[in-house]
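To start, the structure under review is shown below, and the notes come after it.
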Amino acid sequence: MDPLTMALMMTSKLVQAGAMRGVGKAERQGAELDAFNTETEKKRSKVSALQRHNDRLELYRNNLAANISSFRGRDDASVRAFLDRQREIALEDTSRSDLMGMFEQAKLQQQATTTRVEGRAREKAANIQAFTTLMGGLMDFQKTM
């Protein structure tokens, strides 16, 4: 085989290996961006959960004020029991909402972590493929020598 053909063959393998590495790097960068977006969604979820919590407390306060107005002048056990039950319901609602918000945030963090790991794995696979392409090219080169 003439030297020009062998040089073109090796150049082709080098370019191919470089392209494979570039694809792997791009896939990892894409995964990092996806993970960043997921973490941004996690922050939005946290703010949303806090807003739901505050909205529920505000509703409780408004209802409490209205109930106290309607019960003005009455100071018996049934009124206290009613108001205590309303407070208990509000606390249960906010606790449940907070817990669901924490679950959502944990799910989103896990998604971000998984996306990053997958991106690194794809980059590593592309690097291995690039290396084997180079080694295959060297073996072909040696066979033709």
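All residue numbers refer to positions in the sequence shown, counting from 1.
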So, the side chain of Thr115 versus the backbone of Gln111: is there a donor-acceptor pair under 3.5 Å, distance only? yes

Less than 4.5 Å apart, any side-chain heavy atom of Arg96 and any of Arg56? no

Might you point out which heavy atoms bring Gly137 and Met9 nearest each other, and give the distance in Å? O-CE, 4.4 Å

Look at the side-chain heavy atoms of Ile, Leu, Val, Met, Phe, Trp and Tyr, link any pair under 4.5 Å apart, and say whether Val15 and Met10 land in one connected group. no

Gln110 and Thr114: side-chain donor and acceptor closer than 3.5 Å? yes

Please determine whether the number of non-hydrogen atoms from other residues, nucleotides or ligands lying under 6.0 Å from atom CZ of Arg116 exceeds 12. yes

Rounded distance [0.5 Å steps], OG in Ser78 versus CG in Leu83: 9.5 Å

What one should report as the nearest heavy-atom pair of Thr38 and Leu108 is CG2-O, 3.0 Å

Distance in Å, Thr11 OG1 paired with Met6 CE, rounded so as to fall on 0.5 Å steps: 12.0 Å

State the CE-NZ distance between Met20 and Lys13, to the nearest 0.5 angstrom. 7.5 Å

Rounded to the nearest 0.5 Å, the OG atom of Ser97 sits from the CD atom of Glu92 at a distance of 13.5 Å

What is the minimum heavy-atom distance between Ala31 and Gly119, and which atoms define it? CB-CA, 3.4 Å

Before you tell me yes or no, could you show the steps for Glu39 and Lys43 under side-chain contact (heavy atoms from CB on, under 4.5 Å), namely the whole-Å CA-CA distance, both residues' side-chain angles and the distance that decides it to 0.1 Å? CA-CA 6 Å; Glu39 287 173 339; Lys43 289 175 184 173; 5.6 Å; no

With a 4.5 Å cut-off on side-chain heavy-atom distances among I, L, V, M, F, W and Y, is there a chain of contacts connecting Ile128 to Phe131? no

Does Arg44 form a salt bridge (Lys or Arg N to Asp or Glu O under 4.0 Å) with Glu41? I'd like the steps, not just the answer. CA-CA 5 Å; Arg44 284 189 197 121; Glu41 183 61 30; 3.3 Å; yes

Using 0.5 Å steps for rounding, measure from the CG atom of Asp2 to the CG atom of Leu8. 8.5 Å

Separation between OH of Tyr60 and CG of Asp93, rounded to the nearest 0.5 Å: 12.0 Å

Looking at every non-hydrogen atom in both residues, tell me the closest pair between Asp76 and Val79 and how far apart they are. OD1-N, 3.0 Å

Determine, using the 4.5 Å side-chain heavy-atom cutoff (strictly less than), whether Leu50 and Leu57 are members of one ILVMFWY cluster. no

With salt bridge (Lys or Arg N to Asp or Glu O under 4.0 Å) as the test, would you mind laying out the steps for Glu123 and Arg120 before giving the verdict? CA-CA 5 Å; Glu123 181 181 33; Arg120 287 192 297 266; over 6 Å; no

Looking at side-chain heavy atoms only, is the closest gap between Arg87 and Asp84 below 4.5 Å? yes

Lys/Arg N to Asp/Glu carboxylate O, Lys107 vs Glu104, below 4.0 Å: yes

Test item: Gln105 side-chain N/O and Gly101 main-chain N/O as donor-acceptor pair under 3.5 Å: yes

In terms of hydrophobic clusters joined by side-chain contacts under 4.5 Å, are Leu91 and Ile89 together? no

Applying a strict under-4.5 Å side-chain criterion to I, L, V, M, F, W and Y, I'd like to know whether Phe141 and Met135 cluster together. yes

Under 4.5 Å between any side-chain heavy atoms of Leu138 and Gln142, yes or no? no

Scanning both residues in full, the closest heavy-atom pair of Ala17 with Ala130 reads O-CB, 3.3 Å

From CA spacing to verdict: salt bridge (Lys or Arg N to Asp or Glu O under 4.0 Å), Arg52, Asp55: CA-CA 5 Å; Arg52 283 190 309 271; Asp55 288 347; over 6 Å; no

